[in-house]
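Quick notes on the structure that follows.
What you see below is based on every heavy atom in this structure, not just the backbone, and it leaves out hydrogens, waters and symmetry mates.
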Amino acid sequence: MQEINEEAQQPGPPAGCHNCSSPETEEGYLTPLCRECRKKLSRYPVLKSVKLAAAGVGILFLISLYNFPRYFKAGVTYKKALNAEASHLYVTEKKLLKQVLQQFPDNFEAGTHYLIASINNDDIMEADSLLQQMGGAQDDNQELINKANEKIEGLQYFRFAEDSFAVSISKIADTSLAYKQAVEGYSRQHPGDVCAAYVLGQFAYNSGDYGKADTILSRLVEETPDFRIAKCLLSNVYRQEKLYEKGLQQCNDVLQQNAESCYALTSAAKILLKQKHDKEALEKAMMAYELEPESYAAQYTLTLADHFNNRTAERDRLYEKIKARKETDPDVLAELDEITSGN
């Protein structure tokens, strides 16, 4: 048998276009094709459903581009609010969160942080109203819920512990002697009630019994150091007792907890005026007014600070604002008239 000693020959690539056998092919491609065939074969048919889906994605993309500035701006504002909260700037935080909630009123996290800021700023009526609105709201952010619940516990300082007593005394005018006597009787039976102690301290202060107010309130703030309203009232007591440094310390304690406390700033400003530190008092008063320009305390205190810093025009403008307020006490106007009558 004849042996085959020659190696088998491998077939070479086709000489022309792989599709139409045209000798003119485009160089640089793995598959040899002429220009026309390559152009034709590169146009794959697209199903109508795929075209519609692509159009839908395009529309969604356009919508997202339209809404992106809105969502982005809200996100940036929300982040600024959280930074303000971390720095104890609760008035600033509330202003920023209001902007977010105007666009996204049902946002649980923004609403909850707004509630926390309201409590931290001692906006008790607003905080209570928010609690009523948010009742039953649910979310899986347990850390935030726990934080809110911890702050909500502080609202108990403003409520009598016994609901039945709270209901009965609500029918009595809270500036009357009958109201005071009822709270005194209740406090003897419930000596640990924070709200009752604060009310009695306030009665003592308003009646000019500063020694009694000092005794009640100094014990109260020692037991409840986060009761900022009580600390500010105690600072006013110390001002009347001419214990100015002790009064400023109470204000500073509050400002450590809330750097934008209008009550603490105005209380500190009035003490500084007593110490003849008029420029420092003006700085505090202006800070309070810039934070809460509609605050009665801020307007009153800045009027005094303007007077003692010879800012007569600014003083007179604010004085007119105070006179225009319906709730202004005639005794307060008489007091301001007496203080400013020299100019």
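Listed here is the closest heavy atom pair of K95 and L291: NZ-O, 3.5 Å. Annotation for T266 and A297: closest pair CG2-O, 3.8 Å, computed over non-hydrogen atoms. Nearest heavy atom pair, residue Q299 against residue L318, reads O-CD1, 3.9 Å. What you find for Y114 and L97 is that their closest heavy atoms are N-CD1, 3.4 Å. Nearest heavy-atom pair, A127 versus L155, reported as atom, atom and distance to 0.1 Å: CB-CD2, 4.5 Å. When all heavy atoms of S235 and G247 are compared, the closest pair comes out as CB-O, 3.4 Å.
Note: the hydrophobic cluster containing L304 does not contain Y244 (ILVMFWY, side chain heavy atoms under 4.5 Å, direct or indirect links).
Inter-residue side-chain proximity for D316 and T340 is flagged as unmet; no heavy-atom pair is nearer than 4.5 Å. No side-chain heavy atom of V199 sits less than 4.5 Å from a side-chain heavy atom of D174. Side-chain contact check for V332 versus Y296: some heavy-atom pair is nearer than 4.5 Å. Counting heavy atoms from C-beta on, the side chains of L96 and Y78 never come closer than 4.5 Å. Between C251 and Y238 there is no side-chain heavy-atom pair separated by less than 4.5 Å.
Within a 6.0 Å sphere centred on CD of Q256, heavy atoms belonging to other residues, nucleotides or ligands number 12 at most. No more than 12 heavy atoms of other residues, nucleotides or ligands sit less than 6.0 Å from atom CD of E143. Counting heavy atoms of neighbouring residues, nucleotides and ligands inside a 6.0 Å radius, atom NZ of K231 exceeds 12 of them. In this structure, E150 places its CD atom where only 12 or fewer heavy-atom neighbours from other residues, nucleotides or ligands lie under 6.0 Å away.
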Report the C-alpha distance between C232 and R228 in whole Å, list the side-chain angles of each, state the deciding distance to 0.1 Å, and finish with yes or no for side chain to side chain contact (heavy atoms under 4.5 Å, CB included). CA-CA 6 Å; C232 287; R228 293 174 293 276; 5.5 Å; no
Between L220 and L234, is the side chain to side chain contact (heavy atoms under 4.5 Å, CB included) condition met? List the steps. CA-CA 10 Å; L220 182 60; L234 180 58; over 6 Å; no
Residues E245, Q275; criterion side chain to side chain contact (heavy atoms under 4.5 Å, CB included); working and verdict: CA-CA 10 Å; E245 293 305 318; Q275 293 178 304; 2.9 Å; yes
How far apart are the C-alpha atoms of T301 and L265, what are their side-chain angles, what is the distance that settles it, and do they pass the side chain to side chain contact (heavy atoms under 4.5 Å, CB included) test? CA-CA 9 Å; T301 305; L265 288 168; over 6 Å; no
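The CG atom of D329 lies 12.0 Å from the CD1 atom of I322; values are rounded to the nearest 0.5 Å. For the atom pair CG of L255 and NE2 of H88, the computed distance is 11.5 Å after rounding to the nearest 0.5 Å. Q257 CD to Y90 OH: the interatomic distance, rounded to the nearest 0.5 Å, is 8.5 Å. Between N309 atom CG and E280 atom CD the span is 11.0 Å, to the nearest 0.5 Å. Note that the CG atom of L272 and the CG atom of L248 stand 5.0 Å from one another [nearest 0.5 Å]. Remark: I216 CD1 to D214 CG distance equals 10.0 Å, nearest 0.5 Å.
Of the listed residues (E260, E85, K80), just one forms a side chain to side chain donor-acceptor pair (under 3.5 Å) with T92, and that residue is E260. Shown are R315, R317, R311; of these, the side chain to side chain donor-acceptor pair (under 3.5 Å) with D306 is made only by R311.
Between the side chains of N146 and Q142, a donor-acceptor pair is found at a separation under 3.5 Å. There is a side-chain donor-acceptor pair under 3.5 Å between D253 and Q249. No side-chain donor-acceptor contact under 3.5 Å links D122 and Y263.
Without hydrogens or angle criteria, S187 side chain to V183 main chain gives no donor-acceptor distance under 3.5 Å. Listed for the E314 side chain is no donor-acceptor partner under 3.5 Å among the backbone atoms of L302. S261 places a side-chain N or O within 3.5 Å of a backbone atom of A264 that can act as its donor or acceptor partner. Judged by distance alone, the side chain of E292 and the main-chain N or O of A298 form no donor-acceptor pair under 3.5 Å. Remark: the backbone N or O of F165 is paired with a side-chain donor or acceptor of S168 at under 3.5 angstrom. Remark: side-chain polar atoms of T77 are paired, donor with acceptor, to backbone N or O of K73 under 3.5 angstrom. Listed for the H307 side chain is a donor-acceptor partner under 3.5 Å among the backbone atoms of I339. Remark: side-chain polar atoms of Q156 are paired, donor with acceptor, to backbone N or O of E153 under 3.5 angstrom. Looking at N121, its side chain never comes within 3.5 Å of a backbone N or O of D123 through a donor-acceptor pair. Panel note: side chain S176, backbone A173; a donor-acceptor pair is recorded below 3.5 Å.
Checked for salt-bridge contact, K94 and E126 meet the test: a charged N lies under 4.0 Å from a carboxylate O. Remark: D128 engages R159 in a salt bridge, criterion side-chain N to carboxylate O under 4.0 Å.
For K323 and Y319, the positive end sits near the middle of the six-membered ring, less than 6.0 Å away and at most 45° from its axis.
You'll find the ring centres of Y300 and Y289 outside the 6.0 Å limit.
Taking the six-membered ring for Trp and thresholds of 30 and 60 degrees, F203 and Y179 have ring planes inclined between 30 and 60 degrees apart. Note on ring orientation: taking the six-membered ring where Trp is involved, the planes of Y186 and H190 are parallel (angle under 30°, cut-offs 30° and 60°).
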